[in-house]
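Working notes, beginning with the structure itself.
When a ligand or atom number is given, it counts from 1 through the structure's own listing order. Just the heavy atoms: all of them, side chains too, but no hydrogens, waters or symmetry mates, feed the values below. Keep in mind that what you see is a predicted model, and the values were worked out from it rather than measured.
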Amino acid sequence: MIAHLRLGVNIDHVATIRNARGGCHPDPVRAAKVAIEAGADGVTAHLREDRRHIRDEDIARLKAQIAKPLNLEMAATTEMVAIALKAMPHAVCLVPERRAERTTEGGLDAVGRRVSLAPMMDQLNAAGIRVSLFIAADPAQIKTAAELRAPVIEIHTGAWCEALAHNDKTAVAAEWKRIAEGATLAKSLGLEVHAGHGLDYESAETIAALPEIVELNIGHFLIGEATFVGLTETVKRMRAAMDRGRAKVAK
Ligand code: PXP
């Protein structure tokens, strides 16, 4: 039986637009509710250290008001862990964060940060928050995630999506192999496998055919497309694309 593929909608960039003018419009919590109504299985929000989009009060309002699981993306720092322990989201995804970057450009270096990650993982695990590590599909990173007792990893799909955007067939093939093999390895080690970054309708449909992956987290493309056709329609089209991809595995 192939697992259902969940869609987590990342609403960060609704907050980006709000913050461009100050005030409270458009409201990311309203976007979260619309996305859920349209078929999202959960909502993802990244509380960055510089609070450039989502803010602390958004997290509190999301937790209080949405009817589906909240996945809080955050840097692996003691400040952020304390915030998570207070907010108690359903899940936390630990991501690397550099202030100068435009978005989360690479995976977390679980191998290099193993010693500092271990106590944070223990605290979050003990609080009953499902922790995931946002890592490249690299065997050493995946094995370390399992050793750190992360229940979940999220595979960074950015390099694959970049290669697709540039129509670089060699890189596409290499990145796809890395993701597919990484997903298989992670599942064999008992990890739940998610994926995200840079996905659009087409790439989401393609990656939906990997049966080990049970959740996709998608933001920038959905919020951008929503400008043209509305968030409800965009989420529905994404859901349909993922279902088409998933149906290929079942055959
Ligand atoms: N997953 C993680 C862990 C992320 O950091 C991001 C970007 O915030 C996403 C998924 C979504 O990426 P995108 O906005 O490119 O769809």
Is there a side-chain contact between Thr157 and Trp176, using heavy atoms and a 4.5 Å cut-off? no

Closest heavy-atom approach to atom 8 (O) of ligand 1 among Glu215, Glu73, His53, His197 is made by Glu73

Numbered in order shown, the ligand 1 atoms found under 4.0 Å of a heavy atom of Asn10 are 8 (O)

NZ/NE/NH1/NH2 to OD/OE distance under 4.0 Å, Lys236 and Glu233: no

Within the 4.0 Å heavy-atom cut-off, what His156 brings close to ligand 1 is neither

Val95: numbered ligand 1 atoms lying under 4.0 Å from its heavy atoms: 3 (C)

Considering only heavy atoms of Gly198, which atoms of ligand 1 have at least one such atom less than 4.0 Å away? 12 (O), 13 (P), 15 (O), 16 (O)

If you measure from the Lys or Arg side-chain nitrogens to the Asp or Glu carboxylate oxygens, is any gap between Arg18 and Asp58 under 4.0 Å? yes

Show your reasoning for whether salt bridge (Lys or Arg N to Asp or Glu O under 4.0 Å) applies to Lys248 and Glu205. CA-CA 10 Å; Lys248 290 174 198 155; Glu205 180 172 342; 3.0 Å; yes

Looking at Asp122 and Arg149, is there a salt bridge between them, counting it only when a charged N and a carboxylate O are closer than 4.0 Å? yes

Would you call Lys187 and Glu212 a salt bridge, using N to O less than 4.0 angstrom? no

Can you find an N/O atom of Ile218 closer than 3.5 Å to an N/O atom of ligand 1? no

Short list, please: which atoms of ligand 1 are under 4.0 Å from a heavy atom of Asn217? 10 (C), 11 (C)

Look at atom 13 (P) of ligand 1 and find which of Arg48, His13, His220 reaches it with the closest heavy atom. His220

